[in-house]
Each structure stands twice: as structure tokens, then as C-alpha cells.
Amino acid sequence: MLKVLYFAALREAIGVAEERVALPAPATVGALVEALRARDGKYADALAPSRRWRVAVNQDMVGLDAALKAGDEVAIFPPVTGG
Amino acid sequence: MLKVLYFAALREAIGVAEERVALPAPATVGALVEALRARDGKYADALAPSRRWRVAVNQDMVGLDAALKAGDEVAIFPPVTGG
Amino acid sequence: MPTIRLQTEDFDLSHECAAIRDRSRAIGAIASFVGVVRDMNDGSGVSSMTLEHYPGMTERALEKIVAEASQRWDVIDATVIHRVGTLQPQDQIVLVVVASAHRGHAFAACEFIMDYLKTDAPFWKKEATPQGTRWVEARASDDDAKQRWDSKGSAT
Amino acid sequence: MPTIRLQTEDFDLSHECAAIRDRSRAIGAIASFVGVVRDMNDGSGVSSMTLEHYPGMTERALEKIVAEASQRWDVIDATVIHRVGTLQPQDQIVLVVVASAHRGHAFAACEFIMDYLKTDAPFWKKEATPQGTRWVEARASDDDAKQRWDSKGSAT
């Protein structure tokens with residue numbers, strides 16, 4: 001299993017801050033996002049490619065081809081706007 | 001007459017902070033510096049071209065060809081080192 | 001060792017600079033930056049702003065940014081403080097202080113840290129306006145500000 | 001209106017920034033610089049430093065530098081304070097604060113003011129060292145720092 005976190009507008013759109021998700025096949029960030037989008041329209045819309053969300057695995061920013069393993073902490077969030 | 005001011009190392013080398021000097025002929029900064037150098041070795045050494053001194057007339061930085069008129073405040077000083 | 005803090009309470013610029021000055025006698029230059037909440041953004045009045053972050057990753061991202069700045073320039077010490085929670089217009093939101101022997105390094109490292117913080121540190125702003133709340137959109141100009149460091153050598 | 005002050009007493013960075021923040025609600029970014037007396041210069045220990053200036057011209061030169069910075073960038077407010085008289089290592093010597101709506105302008109204007117102050121404002125430093133007193137020599141690097149602004153457009 002993976003721990004998946006959502007932040008900011010993405011958290012509000014999906015309606016949860018954190019959930020457990022099964023490791024996708026193949027075990028990559030891209031496959032995880034596909035699996036989440038397939039759940040329902042809310043996920044599909046929030047994770048549409050046009051939305052420019054970002055992914056961090058174990059608190060490091062990664063691309064869609066990054067590998068995942070059981071126990072990883074995956075965070076999905078909009079472009080950051082601090083400072 | 002001109003009011004001539006000296007600052008920092010130049011003031012210490014010449015030994016005065018301020019003096020009245022006759023308007024040189026021609027009435028330019030270059031001619032004033034020549035007249036001062038001709039006074040004695042102390043002035044000649046302090047105002048040697050190699051010393052990189054600067055001149056301000058009425059509190060604006062100027063070059064050697066700047067014109068002078070009676071009553072001007074002329075300041076001669078080393079390159080600045082504040083901040 | 002740089003100081004990195006996330007906090008809800010306000011910070012005091014003089015206090016943070018004095019703490020840095022007390023730790024080294026080699027410091028000749030301290031550049032600092034304070035970000036302030038504006039009462040207008042994209043044409044709407046802003047009555048308050050709430051900052052969300054990613055506990056753990058945010059601190060880690062700030063540490064990496066400061067470490068990268070310290071590789072590029074001669075940084076004697078640095079402090080980054082970012083507030084979280086709800087803030088009002090004119091409140092201080094972020095502080096970056098960089099101390100060096102010489103001013104060119106202090107200025108460059110301070111601006112570098114701010115530019116990278118804006119694009120790489122997980123913070124998100126939500127504004128309350130008369131038309132309701134809205135998440136602030138990321139700006140392309142912030143990506144541009146970060147990318148110009150790729151083509152620059154270290155400043156003096 | 002910018003604030004320009006020459007004074008023997010110390011200054012407080014937070015106080016000066018707060019005064020600027022209180023004067024405008026449009027400020028989003030405050031960049032500041034503090035110069036500090038170092039205890040070493042050109043390989044010698046420095047036990048104290050005395051600053052001479054040219055009363056009248058110094059204020060005028062600082063006003064011109066701040067006016068030039070305000071022409072090049074969007075400056076909402078600025079404060080320049082330079083101390084004169086005798087200072088000790090670790091004492092604050094100069095403060096430049098620039099407030100703008102956006103950080104790029106605040107950083108650029110603040111660094112510009114410092115670079116021009118170093119070459120165009122009539123101040124002279126005399127250091128007391130174990131080998132006696134000596135006037136500090138101007139650095140070619142300060143001329144270089146100033147001249148690089150000639151080839152730059154205004155930053156964003």
C-alpha cells in the first residue's frame with residue numbers, strides 16, 4: 001500500500017487529505033495517477049493533465065516516470081504559492 | 001576667491017581642512033590643482049596625479065575641465081570608502 | 001548552521017539579524033528580505049490569507065534551497081522563517097536573512113533563496129476576498145525568476 | 001518620500017522596516033541591507049573604525065542615488081541610514097531598506113543603492129589596527145559592482 005496525501009485546492013476538490021492506495025501496476029507515479037483518475041469524475045477532474053499538479057515521493061519532487069514501492073508517501077498538490 | 005575643502009587622507013597630508021584660494025587663470029579645476037601643487041612639496045605630493053583624488057564643485061562631482069567662478073565651494077578628496 | 005523555522009507567530013527582523021551577528025565576527029554584510037501580505041491581488045481586495053504547507057517536506061525543501069545557496073556563494077549564516085496559518089494585510093509572511101563577508105554574495109544568496117522558495121517549497125496561499133475565498137494561482141514570473149539562476153555564475 | 005539620515009547612534013532594522021510598512025498598504029516586498037564592521041581587513045586586526053563624511057554633499061549624493069534607483073524600478077519607499085564617527089567591530093554601519101510591490105524590484109533597487117553608495121557617496125573610513133591607524137583604500141571591485149548596472153535593464 002501507499003500513503004497518498006493531497007494539499008490545497010487539490011485536497012478540497014477530492015475531499016480527503018490522506019488515504020491508503022494500493023500499489024499500481026506498473027509501480028510508477030504515472031500509473032498511480034491513472035488509477036486515481038479512473039475512480040470517479042471528481043478525481044478525474046482534479047487530476048486532469050491540464051491542472052499542472054505536482055508529485056512528491058517521500059518528500060522529494062519527482063516526475064511521472066518515478067518508481068514507487070510499498071510504504072512510500074506520495075503527495076499530489078498544485079504548483080506552490082508561498083513566500 | 002574660492003572655498004577649498006580637503007577630506008580624509010588628503011586633509012591629513014595637507015594639514016588643513018578648509019582654506020580660501022584665489023580663482024586661478026584659466027578658471028578651471030585643472031588650473032586650481034596646478035596652482036595648489038606649485039605651492040610646496042606637501043601639496044605637490046598630496047595632489048600628484050597618481051593619487052586618484054576626486055573633485056566636487058558645489059557638492060557635485062566634476063572633472064578637471066570643469067569651470068570655476070568666484071564663491072564656488074571646491075572639495076578635493078580621495079576615492080570614497082563608505083558603506 | 002542555517003536556521004529554518006515555520007511558525008504561526010510573527011518574527012522580528014532585528015532580532016534575527018542580531019542573532020546572526022552574534023555568531024560570527026567575520027560578517028561584513030547582511031542582506032534580508034521580508035514578504036508582506038498585500039491588501040490587493042489580481043484586482044480584488046484581500047481581507048485575510050491562510051497558508052497551508054506540507055509538514056516535513058516544507059522544512060526539507062527549505063534546507064535544500066539554503067544548502068544550494070551556500071554552495072554557490074560564501075554564506076556565513078542564514079535564517080529562513082515562513083509563517084503558516086491565517087494572516088492579515090500588512091502582516092509579515094516570510095523572512096530570509098543571509099550573512100556573508102561581502103555584500104555581493106549576501107544579496108545574491110538572499111534573492112536566490114527567495115526565488116527558489118517561491119517555486120520549490122510546498123506552501124499554498126488561500127485568500128479571503130469580498131467575492132469569497134480562492135486559492136492563489138502560481139505565477140509564470142516566479143518560474144522565470146528561478147530559471148535565470150541556471151544561466152548565471154556565482155556573483156561577487 | 002525616501003528617508004535619508006546620517007547619525008552617530010545605532011539604528012534598528014525592524015523599526016525602520018515597520019515605519020515603511022506603516023506608510024503604505026501596497027508593499028509586498030522589503031529588501032534590506034546592513035553593513036557591519038569586520039574585525040579583520042586586508043590581513044590586519046581592526047580594533048575600531050572612524051567614518052568621516054562631507055556634510056551637505058553626502059546627504060545630497062544619497063538623495064541622488066535613491067532618486068536614480070526610483071527611476072529604474074518601482075520603489076514605493078526607501079530608507080538609507082549611514083553612521084558617522086567611531087565604530088567597533090560588529091557594529092552596524094549602514095542600512096538600506098527598499099519597499100516595492102514585488103521582490104525583484106526591491107532586491108535590485110537595494111543592491112543598486114549600495115553599489116552606488118560605495119563609489120559615489122563621500123564617506124571615508126579610517127581603521128585603527130595594532131600597527132597604527134590607516135585610511136581604507138578604495139577597491140576596484142566596488143567600481144566594477146557599480147559599472148555592471150550600466151549594462152543592465154531594469155529587473156523584474
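Top candidate by heavy-atom pairs under 4.5 Å with chain D, chosen from Pro78(B), Ala8(B), Ala75(B), Ala9(B), is Ala8(B).
For chain B, no part of Asp142(D) is nearby; none of its heavy atoms comes within less than 4.5 Å. Only the side chain of Lys126(D) comes within contact range of chain B, judged by heavy atoms closer than 4.5 Å.
The CD atom of Glu137(D) lies 8.0 Å from the CZ atom of Arg52(B); values are rounded to the nearest 0.5 Å.
What you find for Lys125(D) and Thr81(B) is that their closest heavy atoms are N-OG1, 3.0 Å. Closest non-hydrogen pair, Ala56(B) versus Met57(D), comes out as CB-SD, 3.6 Å.
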### Message
What verdict does the side-chain contact (heavy atoms from CB on, under 4.5 Å) test give for Trp124(D) and Val80(B), after you've listed the backbone C-alpha separation in whole Å, the side-chain angles of each residue and the deciding distance to 0.1 Å?
### Response
CA-CA 5 Å; Trp124(D) 301 274; Val80(B) 308; 4.1 Å; yes
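Around CD of Glu9(D), the count of heavy atoms belonging to other residues, nucleotides or ligands within 6.0 Å exceeds 12.
Partners of Met1(B) according to the side chain to side chain contact (heavy atoms under 4.5 Å, CB included) rule, which considers only residues two or more places apart in sequence or in another chain, are Arg20(B), Ala22(B). Partners of Tyr116(D) by side chain to side chain donor-acceptor pair (under 3.5 Å), not counting sequence neighbours: none found.
Ring geometry for Phe77(B) against Tyr54(D) counts as perpendicular: the plane angle is over 60°, on a 0 to 90° scale with 30° as the lower cut.
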